[in-house]
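In this text the structure is predicted, and so the values were computed from the model without any measurement. Computation of the quantities below employed the complete heavy-atom set of this structure, encompassing side-chain atoms and omitting hydrogens, waters and symmetry-equivalent molecules.
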Amino acid sequence: MSAVSDRPPVTRHLPSGESLRDRLPVFPWDKLEPYKATAAAHRDGIVDLSVGTPVDPVPALIQKALIDAADSPGYPTVWGTPELRDAITGWVERRLGARGVTHRHVLPIVGSKELVAWLPTQLGLGPGDRVAYPRLAYPTYEVGARLARAGYEVYDDPTDLDPQGLKLLWLNSPSNPTGQVLAKDELTRIVAWAREHGVLVFSDECYLELGWEADPVSVLHPDVNGGSYEGIVSVHSLSKRSNLAGYRAAFLAGDPAVLAPLLEIRKHGGMMTSATTQAAAAAALGDDTHVREQRERYAARRTVLREALLAHGFRIEHSEASLYLWATRDESCWSTVAHLAELGILVAPGDFYGEAGEKFVRVALTATDERVAAAVRRLTA
């Protein structure tokens, strides 16, 4: 875990009376458009390593499951089909080492970003409540707090936070953007602290299948939670592991006392995954072969991109897991973005993920082998 900062935590609250849109920051990706235009003007075309969107084909067995479920004229259920819930509970026990997981312990969601953005609102948080997330983090954690008009703050070590009024603690391991992995003993310590202080933990584990130099562990593992799911929920997505970003397939697993009211709220709100996506997700969770094959693709791309970035003068920190390389030339992230754009390579500036990323860029592994090879040639020319 990162060393504890000597900066005091700052909790931000938003004024009342503003519109929903007024609560939100400027959409960060719009700032990249001029650099994208520069990169696109390269004679050999752009290599877009900015957004972590899958580019490889959806595995055939998943496509078949989707097609076979195409004749679905009725409304799907928010809780999902029994087959989907069986697939989720089976995967959670098989892959994460969880024990005693029943249908009450799981809940399908419409992609993980939707959940992150609306969770504080669905939990009933508001002014006077606080949400905390890592100092370098996915921007939607902050967006979710803003939408609920709750306070929000960042941390290096969550156990240094003031637990008074802290209603939601986000963990993210493997991390987006850094690829940092929290060790089992760290997770165990944090979960114990949160329980002691009555703080609800949501652990974003969407990159858990993509560990390279570390083996990520879930908060659902009994070594972490002592065999109890009280006060903890993990978030999982099929977007990265199965190339299903276009399907919007994800799920929650953990404390039934937390999931039951969320299910009721989501029923009222019509937050249901389509019947075809539910069938596809069940097929995806029941097959491990396609996940291994996709891992091999990303591992190969990671190896050559890492070597090329190092040869070009970059330093890479963390990046022991996930779909990104967290790289720096010890200069403003926007200077690095501009430099790489001149080479026809588009990356994400680190300050999208917090002020602590101001000298880093996030380099995604999500480009075709041909485009990755083009980036490597340009970086090593």
Under a 4.0 Å N-O cut-off, is there an ion pair linking Arg302 with Glu307? no
Taking the basic N atoms (NZ, or NE/NH1/NH2) and the acidic carboxylate oxygens, is any pair closer than 4.0 Å for Arg295 and Glu293? no
Decide side-chain hydrogen bond (donor to acceptor under 3.5 Å, both in side chains) for Tyr152 and Arg146; before the verdict, give the C-alpha distance in whole Å, the side-chain angles of both, and the deciding distance to 0.1 Å. CA-CA 8 Å; Tyr152 54 94; Arg146 284 174 172 261; 3.1 Å; yes
Would you please test Trp91 and Asp287 for side-chain contact (heavy atoms from CB on, under 4.5 Å) and show each step? CA-CA 9 Å; Trp91 182 84; Asp287 178 73; over 6 Å; no
Salt bridge check: are Asp44 and Arg371 linked by an N-O gap of less than 4.0 Å? yes
For Phe314 and His312, take the angle between the two ring planes, folded into 0 to 90°, and tell me which bin it lands in: parallel under 30, tilted 30 to 60, perpendicular over 60. parallel
Is it the case that over 12 heavy atoms from other parts of the model lie below 6.0 angstrom from the CG atom of Asp30? yes
Residue among Ile109, Leu96, Val92 satisfying side chain to side chain contact (heavy atoms under 4.5 Å, CB included) with His236: Leu96
Leu125 backbone acceptor or donor facing Arg149 side chain under 3.5 Å: no
Atom CG of Leu208 and atom OG of Ser237: how far apart are they, to the nearest 0.5 Å? 12.0 Å
Between Asp156 and Arg135, does at least one N-O distance fall below 4.0 Å, as a salt bridge requires? yes
At what distance, to the nearest 0.5 angstrom, does CD1 of Ile345 lie from CZ of Arg378? 6.0 Å
Is His221 reaching over with its side chain to a backbone N or O of Asp223, donor-acceptor style, under 3.5 angstrom? yes
Under 3.5 Å, is there a donor-acceptor pair between the side chain of Glu213 and the main chain of Ser319? no
With heavy-atom distances below 4.5 Å as the criterion, would you say the side chains of Val304 and Val372 are in contact? yes
Is there a donor in the side chain of Arg189 and an acceptor in the side chain of Thr159, or the other way round, less than 3.5 Å apart? yes
More than 12 heavy atoms of other residues, nucleotides or ligands under 6.0 Å from CD of Gln164: is that the case? no
Hydrogens and angles aside, do Thr273 and Gln278 bring a side-chain donor and acceptor to less than 3.5 Å of each other? no
Just checking, is any N or O donor in the side chain of Thr336 or Glu331 under 3.5 Å from an acceptor N or O on the other one? yes
Can a donor-acceptor pair be found, under 3.5 Å and without considering hydrogens, that links the side chain of Thr366 to the backbone of Val51? yes
Examine Arg85 relative to Trp79 and say whether NZ or CZ is less than 6.0 Å from the centre of the six-membered ring and inside a 45° cone about the ring axis. yes
Would you check if there is a donor-acceptor pair between the side chains of Tyr133 and Asp204 at a distance under 3.5 Å? no
Does Thr277 use its side chain to pair, donor to acceptor, with the backbone of Tyr247 at less than 3.5 Å? yes
Step by step, work out the ring-ring contact (aromatic ring centres under 6.0 Å, His included) result for Phe360 and Tyr353. CA-CA 10 Å; Phe360 286 80; Tyr353 309 95; over 10 Å; no
If you measure from OG1 on Thr89 to CG on Leu285, what distance do you get to the nearest 0.5 Å? 9.5 Å
Quick one: are Leu49 and Leu346 in side-chain contact, heavy atoms under 4.5 Å? no
Step-by-step ring-ring contact (aromatic ring centres under 6.0 Å, His included) determination, Trp212 to Tyr298: CA-CA 10 Å; Trp212 312 116; Tyr298 285 136; 7.3 Å; no
Quick one about His105 and Asp255 (side-chain donor to acceptor, distance below 3.5 Å, no hydrogens or angles considered), yes or no? no
As an exercise, state the distance from OG of Ser203 to CG of Leu169, rounded to the nearest 0.5 Å. 9.0 Å
Can we say Lys240 and Glu209 salt-bridge, meaning some charged N sits less than 4.0 Å from an Asp/Glu carboxylate O? no
Run His290 and Asn243 through side-chain hydrogen bond (donor to acceptor under 3.5 Å, both in side chains) and show every step you take. CA-CA 10 Å; His290 77 276; Asn243 300 331; over 6 Å; no
Would you call Glu114-Arg266 a salt bridge at under 4.0 Å N-O? yes
In terms of side-chain geometry, is the basic nitrogen of Asp288 or Arg95 positioned less than 4.0 Å from the acidic oxygen of its partner? no
Is a side-chain donor or acceptor of Arg241 paired with a backbone partner of Ser239 at a separation under 3.5 angstrom? no
Nearest 0.5 Å, what's the SG-NZ distance between Cys333 and Lys359? 10.5 Å
Which of Val219, Val131, Val258, Asn172 passes side chain to side chain contact (heavy atoms under 4.5 Å, CB included) with Phe202? It is Val258
Are Arg362 and Asn176 close enough that a side-chain donor and a side-chain acceptor fall under 3.5 Å? yes
Determine, stepwise, if the pair Arg297 / Asp56 fulfils side-chain contact (heavy atoms from CB on, under 4.5 Å). CA-CA 9 Å; Arg297 295 185 190 103; Asp56 298 302; 4.0 Å; yes
Under 6.0 Å from the CZ atom of Arg104, do we count more than 12 heavy atoms belonging to anything else shown? no
Start with the C-alpha gap between Ser50 and Leu32, add the side-chain angles, then the distance that decides, and say whether side-chain contact (heavy atoms from CB on, under 4.5 Å) holds. CA-CA 9 Å; Ser50 61; Leu32 261 189; 4.0 Å; yes
When the ring centroid of Trp170 is compared with that of Tyr138, is the distance short of 6.0 Å? no
Thr140 side-chain N/O to Val143 backbone N/O, donor-acceptor pair under 3.5 Å: no
Backbone of Ser175 reached by a side-chain donor or acceptor of Ser173 within 3.5 Å: no
Does the pair Leu325 and Leu305 meet the rule for a side-chain contact (heavy atoms from CB on, under 4.5 Å), with working shown? CA-CA 9 Å; Leu325 293 169; Leu305 275 173; 4.0 Å; yes
May I ask you to decide if the ring planes of Trp334 and Tyr35 are parallel, tilted or perpendicular, using 30° and 60° as cut-offs? tilted
Only one of Val201, Leu200, Asn225, Ile190 forms a side chain to side chain contact (heavy atoms under 4.5 Å, CB included) with Arg195, so which one is it? Asn225
Test item: Val361 and Val363 side chains (from C-beta on) under 4.5 Å apart, heavy atoms: yes
Any donor and acceptor pair, going by atom type alone, linking the side chain of Arg301 with main-chain N or O of Ala367 inside 3.5 Å? yes
